[in-house]
Amino acid sequence: MAALVCAFSSAKSTNLARKSVRATTHDPKVTVVNHPLVAASLAILRSKTTASADFRRALQEVSVLLLGQASAAWETVPHQVETPLKVCMAEILARPLVLVPILRAGLGMLDGMLALLPHAAIGHIGVYRNEKTLRPSTYFCRLPSTIGEAQVVLIDPMLATGHSACEAVALLKKSGATRIQFICLVACPPGLEQLHSQHPEIPIITAAIDPELNDLGYIVPGLGDAGDRYFGTA
Ligand code: URA
């Protein structure tokens, strides 16, 4: 967690330390992960002076923490193991896992999650906005055959208009997925409303809910274009 150390400030010594106030929601299907390490990563990611290498590292680190929160809801089954001393009962995950990044920015959260779940299968969904219809169009979709029985985690750093996420969830459902969670880094009210108006049962796990979307579809204050910042294409 080296990047988080970089974000340590002297606020405490100057009596400025306080609990950060972050937007929450009354939607029971939305979890805002209120954790100091998440907040510290988010500070790095939001800052426009953060270089690509540090942005990548912070996005990977915060993704592990968000996945940790999401996985608390996963089902387990009893499993017998033999320790060096005795046979005992333990628990293992009940289902195979499938991580599905929405291209391209979702890839930025994948490596961190794979560190926690190296055996997860990976699907990919690419969605773009059709400039004529202004509707989301799928240009790529490749999902593992285990999708129907799996715990599926759809990932995209920014839940902005919500159109890509809606389209991706629809594709997952069409492919047979029944247990889907959506993990993002920053959401905003229009994106949350859009996703839950189409797919109200999907749990959403996010590090923050920012107040608004601007006319270009960017979350404000947000962190800018997550894909550009992660891939260094800004
Ligand atoms: N996508 C981004 O990368 N950033 C936003 O603020 C909105 C969508």
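When a ligand or atom number is given, it counts from 1 through the structure's own listing order. Computed from a prediction, not measured in an experiment: that's the story for all the values here. Numbers for residues simply follow the sequence, beginning at 1.
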* Asked: Going by heavy atoms in the side chains, are Q69 and H35 under 4.5 Å from each other?
  -> no
* **With Q181 via side-chain hydrogen bond (donor to acceptor under 3.5 Å, both in side chains) - residues at least two apart** => W74, Q151
* What residues come within 4.0 Å of ligand 1, counting heavy atoms only? -> M158, A160, G217, Y218, I219, G224, D225, A226
* Residues two or more places apart in sequence or in another chain: which of them pass side-chain hydrogen bond (donor to acceptor under 3.5 Å, both in side chains) with S47? -> T49
* **D228: partners by salt bridge (Lys or Arg N to Asp or Glu O under 4.0 Å), with sequence neighbours left out** => R104
* To do: Spell out, yes or no, whether V32 and L154 are grouped together once hydrophobic residues are joined by side-chain heavy atoms under 4.5 Å, including indirect joins.
  => yes
* To do: Report yes if the side chains of R179 and V152 come closer than 4.5 Å at any heavy-atom pair, otherwise no.
  => no
